[in-house]
Amino acid sequence: MSTSFGEENLWELESPLYRDALAQLDRVAGVIGLDENIHARLRVPQRATVVSFPFRREGYYEVSTVFAYRVQHVLTMGPTKGGIRYAPDVNLGEVAALAMLMTWKTALVGLPFGGAKGGVRVDPIGLTRPEIQRLTRRYTAELINVIGPETDIPAPDMGTNEQVMAWIMDTYSQHVGHATPGVVTGKPPALGGSIARREATGRGLVSLIPAAAAHTGVDLDLARVVVHGFGNVGQYAALAAHELGMKVVAVSDITGGVYNEHGLDIPKVQEWVEENGNLENLPDVEFVTNEELFALDCEILIPAAVGGVITAKNASDIKAKIIAEGANGPTTVDADEILADKAIFVIPDILANAGGVTVSYFEWVQDLQNYFWSEGEIVARLREIMGRAFEEVLNISINEGYDMRTAALIKGIRRVADAKLVRGVYP
Ligand code: NAD
């Protein structure tokens, strides 16, 4: 009897990102001759929790009810790991796709985790801090039997931050009766959070650019950088590129983009956003739309906001020679083909943004051992892991003749498949 999950069984997970994640898995399964039972197993998440819950708004009697999710894709490799996002369009399919990407990412960089992801369908921009705190505590309470330092360890993602992680850690600790810092990563250092975690994703991504530039013949002294999204990932990627001497000519957030052909002073832009909340009205710049941003003249493009932004519609306008994907799933499958035809070198999401989960892994290890490392040790180990993963993926790409995304997926999926094969089927 066939056990594979056909399309007819997947309607609950329907979303553009899930379709693309499946298309990538199916393609790579064919390329590496993946065992068909393992392929079928990997197409669906192992566990998915869907909850709805109320939280009090500012007026005590006003209550909003929201949907929320936690999906654990693969439990074979160790505890599961992945961020939590608060966004108005979060849905089960999107969270399941992001959990799958986390599985490949952690396997690719050799961390002892399977992939997970969580999210609450809510627009955090419209919420006050006390509202976000109540929402976070209730969400954590709903997941109390799902998460834990040995089972599933959340981290920040879009719309969440260190403070949200602190509330999750506190709520979980109150429930189990003792302080449990290892239940989340991306916490403030005062609670056992790792120094350098906040910068890790952007910094890790930029650490790969010199090798990518050497491979593609881009002169870094003359390189212009464009960054889409100026949150955690985008801000620290822009800062790291600026500190390396590259000219960051444009950045954007949900309100639009800012451009200066002579380069933006990134620490000043950060200060502005810290004070004003967004990039609107920033002085000494030209304003561009987020659509125009993708077509700007540059050598390096860093999508670092939402998924599905590089599409068949805008891919042919992109002028960059290198795309380093800070966001998860920023490029659609159709767009990938256009980028390949244009010989644009793509550092795919599961490689480019793996610095976040890598330093999260360091944080979890430090919490479990109650022994904390210096910033120098953390940054050096991050660079080593990222650099090695990049080299391995580039070697697969060159030696086996695949684009970088396929090469990265081959490495990640092979590792998970090997582990699944030796563990076998229970019972
Ligand atoms: P964030 O919430 O800190 O920042 C998101 C940024 O994107 C903000 O500047 C926001 O204004 C902007 N934005 C949102 N919607 C937009 C739109 N439609 N158009 C243009 N800009 C938009 O989120 P983050 O943590 O920086 O995450 C960004 C991306 O990176 C996500 O795809 C996330 O999954 C991925 N990622 C994050 C981490 C991490 O450590 N935080 C790690 C790996 C991957």
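Computation of the quantities below employed the complete heavy-atom set of this structure, encompassing side-chain atoms and omitting hydrogens, waters and symmetry-equivalent molecules. Both ligands and their constituent atoms are indexed starting at 1 by order of listing.
In summary, the atoms of ligand 1 found under 4.0 Å from a heavy atom of Asn353, numbered by their order in the structure, are 43 (C), 44 (C).
By the criterion of a heavy-atom distance under 4.0 Å, the side chain of His228, and not its backbone, is placed next to ligand 1. Of the heavy atoms in Asn290, only side-chain atoms (C-beta onward) come closer than 4.0 Å to ligand 1. Residue contacts with ligand 1, taken as heavy atom pairs separated by less than 4.0 Å, do not involve Ala155 at all.
Within the 4.5 Å cutoff, no side-chain heavy atoms of Val249 are placed close to those of Asn260. Counting heavy atoms from C-beta on, the side chains of Phe55 and Ser64 come closer than 4.5 Å. Counting heavy atoms from C-beta on, the side chains of Phe287 and Tyr259 never come closer than 4.5 Å.
Comment: Lys81 does not engage Asp152 in a salt bridge, judged by the lack of any side-chain N to carboxylate O separation of less than 4.0 angstrom. Looking at Glu162 and Lys187, no side-chain N of the basic residue comes within less than 4.0 Å of a carboxylate O on the acidic one, giving no salt bridge. A salt bridge links Arg134 and Glu58; the closest N-O separation between the charged side-chain nitrogens and carboxylate oxygens is under 4.0 Å. Electrostatic pairing of Arg137 and Asp170 counts as a salt bridge here, judged by a charged N lying under 4.0 Å from a carboxylate O.
Between Phe230 and ligand 1, at least one pair of N/O atoms sits closer than 3.5 Å. For a threshold of 3.5 Å applied to N or O pairs, the pair formed by Arg85 and ligand 1 contains at least one separation below that value. An N or O contact shorter than 3.5 Å links Arg197 to ligand 1 by distance.
In the candidate list Gly159, Gly204, Ser360, Gly231, Gly159 is nearest to atom 2 (O) of ligand 1, counting heavy atoms. Taking only non-hydrogen atoms, the option from Ile254, Val357, Asp89 nearest to atom 16 (C) of ligand 1 is Ile254. Closest to atom 25 (O) of ligand 1 by heavy atom, among Asn232, Leu205, Val359, is Asn232. Closest heavy-atom approach to atom 21 (N) of ligand 1 within the set Thr255, Ile350, Asp253: this belongs to Asp253. Counting only non-hydrogen atoms, the option in Gly186, Gly307, Ala305 that gets closest to atom 32 (O) of ligand 1 is Ala305.
Ranking protein heavy atoms by distance to atom 33 (C) of ligand 1, first place goes to Asp157 OD1, 3.2 Å. Atom 37 (C) of ligand 1 has Val233 CG2, 3.3 Å as its closest protein atom, hydrogens excluded (heavy atom only). Here the heavy atom of the protein found nearest to atom 17 (C) of ligand 1 is Val306 CG2, 4.0 Å. Among all non-hydrogen protein atoms, the one lying nearest atom 27 (O) of ligand 1 is Met158 CG, 3.6 Å. Shortest contact from atom 39 (C) of ligand 1 to any protein heavy atom: Thr201 OG1, 3.5 Å.
Remark: Arg381 is positioned above the aromatic ring of Trp373, its terminal NZ or CZ atom under 6.0 angstrom from the ring centre and at most 45 degrees off the axis.
With Asp349 contributing its side chain and Gly329 its backbone, the two residues share a donor-acceptor pair below 3.5 Å.
Between the side chains of Ser207 and Arg383, no donor N or O sits under 3.5 Å from an acceptor N or O. No side-chain donor from either of Tyr361 and Thr106 sits under 3.5 Å from a side-chain acceptor of the other.
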